[in-house]
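This report concerns only the one structure given below.
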Amino acid sequence: MNRPSLLAIAILAAIALPLGLTDFWTFIAIEVLVFALYAVSFNLLLGYGGMLSFGHAAFFGVGGYTVAILVKHGGLPLAVAFPAALAMSAITAAIIGFFSVRRIGIYFAMLTFAFQMLLYTVALKATGLTGGDDGITGLKAAGALSKPIYYYWFALIIVIVALALMHRIVHSPFGMTLQALRGNPRRVEYVGINVRTHQLATFVLAGTIAGLAGAIFAISSGNVFPGWLNWTASATPIVMAVLGGFRTFIGPMVGAAVYVMLEVVISGHTEYWPLIMGVIIVVLVLMMPEGIMGMTRRIRDGKR
Amino acid sequence: MANADALFHVDGLSKQFGGVQALANVTMSVAPGELRAVIGPNGAGKSTFFNTITGLFPPTSGNVFFQGERITGQPPHALARIGIGRTFQITSIFRELTVRENLQVALTGRERRSWSIWPKARTMNMPRVRELLALVGLTDTGTRIAGTLSHGDQKRLELAIALAGQPRLLLLDEPTAGMAAQERLASIHLVGSLARELGLTVIFTEHDMAVVFAVATVITVLHQGAVLAEGIPAAVRAMPAVQQVYLGEAVAPVE
């Protein structure tokens, strides 16, 4: 079967999915969509740009909080809150990126980490705006979107459009340039391309999409917490991307789906779920160092 | 600036690393069409000279001019855009990409299309890619992963990457480093014939005298960061000072 028909089937299946699901599982399906988007946005940095950010949760959190504050305190509709969340996360990413892409490797990771912890502190301390430790709760979309199935379709459309955009970009001249500078930034400079501006643009794009994911999730989960901005939250997309395979476009999506499902299934059975999950992820990564999709591709290529 | 005819002119270039004077007041002019060899024993300052004139780091003092414009301290991407291409002593290619993609990236830089997100990158500029591959003798390697090419072929690919930018001035840092003796001469003759064919001016550093005398039209000898001698190959070879620096190394007879 060729790629376009596979894609069409996948999209139809995604549209039909909630028809057979309870509200609980519809929310889980939304969570998968959100984290698939979040993990792919992160992978623009890691897999394509070779930049290991340890602060990607900053943008997910800024997107979530922006929507939460505007909806809760401002009483604004999603049609205003979502674009505002995109703008806020883009601006935040531009500022953090401006300082961070000047450094490479572990220094880049540490700078992104530090900026994110700064925002975490703001979320904790600016109690009037963010609710401090308690976060902002009781968020709800108005009208039809308050029904889980409609919100799922709403989220699905946004996620498909954003994924299509990122897919387009990684296969464009810009995307090829990005993959070239991952391995050899100096050579890229010497063919007449300003490496830093391209890295910054990628950082802003990745941050904006992460903010979008956070915005979707704020409404579906009904609340935002400072923990969204904590450093452990920045490890989530790293694990998802590596688990699914960060050398492929869809790998992080697969990683996100596996991660979310594992969490739901295991946490339903034991309070020690993080321990079990940790063990499973360690085993999976050891068995498949290139991730699930890297493994799949290898098997497929081997059979040809 | 001194020399109005020069394509490339370096004026009083000095570079200090801490207390070490790596370059001391180097002045040189390179005319269009020259194949200029910059030679000198290890530690003479060849690499520092190269890295300073290609914007990797700024000089402590002095200036660099290209086509009459002052380009001192400009970043590498700016130099590439005005027509200066370079290769590295340690071959610098995109090892994870295919040979074809290596050149497509270079052409993207040349055409200032690295920001465009529309056309599919994989099919871009194919005629030009084939032309460049033929030019350096790499036809039929287009779909291979660049890192799997032989060392010599990687050097050729790097040359093609530099040529993709349609430079007027090509700077080659040890273009035959790591090659077998036979391969060295073949490789430098390729550079020489390409330079004539494409009307390029070339500056290269080299420690193999046979390679230098095979193509250089003018030679500059660096010693302890300063210019020790300069002139046409026969004249430089005859200079006692040069012979002394090389302690009778292979400066003398060449076929």
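Hydrogens, waters and symmetry mates are skipped; everything else that's a heavy atom, side chains included, is used. Chain letters run A, B, ... following the sequence lines, proteins first and then strands; every chain starts at 1.
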Practice task
For chain A, find which of B:I93, B:L107, B:L79 contributes the most heavy-atom pairs closer than 4.5 angstrom.
Solution key: B:I93
Completion exercise
Heavy-atom nearest pair, B:P119 first then A:P173, reads O-CD, 3.1 Å
Handout entry: Partner chain A: residue of B:A80, B:A121, B:G109 with the largest heavy-atom pair count (under 4.5 Å)
Key = B:A121
Handout entry: Whether over 12 other heavy atoms sit under 6.0 Å from A:L286 CG
Key = yes
Exercise for the section: Below 4.5 Å from any heavy atom of chain B, which atoms of A:V170 appear? Answer side chain, backbone, both or neither. Expected result: neither
Practice task
Against chain B, label A:R247 side chain, backbone, both or neither, depending on which of its atoms sit under 4.5 Å from a heavy atom there.
Solution key: side chain
Practice task
Heavy atoms only, distances under 4.5 angstrom: which of B:P76, B:P75, B:G85 has the most pairs with chain A? Name it, please.
Solution key: B:P76
Practice task
State, to 0.1 Å, how close B:T87 and A:R187 come at their nearest heavy-atom pair, and which atoms those are.
Solution key: CA-NH1, 4.1 Å
Fill in the blank from the handout: Residues B:I117 and A:R168: closest non-hydrogen pair is O-NE, 3.4 Å
Fill in the blank from the handout: Smallest heavy-atom separation, B:V105 atom then A:I193 atom, equals O-CD1, 4.1 Å
Handout entry: Members of residues 190-204 of chain B whose heavy atoms come closer than 4.5 Å to chain A
Key = none
Problem - When B:R122, B:R86, B:R81, B:R112 are compared by non-hydrogen pairs under 4.5 Å with chain A, the top option - result: B:R86
Fill in the blank from the handout: Within residues 144-169 of chain B, the residues sitting under 4.5 Å from chain A by heavy atom, in sequence order, are B:E158, B:I161
Problem - CD1/B:I71: more than 12 non-hydrogen atoms of other groups inside 6.0 Å - result: yes
Handout entry: chain A neighbours within residues 52-61 of chain B, where any heavy atom lies under 4.5 Å away
Key = B:T54, B:G55, B:L56
Problem - Any A:M176 side-chain heavy atom under 4.5 Å of B:E101 side chain - result: yes
Exercise for the section: Determine the minimum heavy-atom distance between A:H198 and B:S114, stating which atoms define it. Expected result: NE2-OG, 2.7 Å
Handout entry: Residues in residues 85-114 of chain A that sit under 4.5 Å from chain B, counting heavy atoms only
Key = none
Exercise for the section: For B:F94 and A:A180, work out which heavy atoms get closest and say how close. Expected result: CD2-O, 3.5 Å
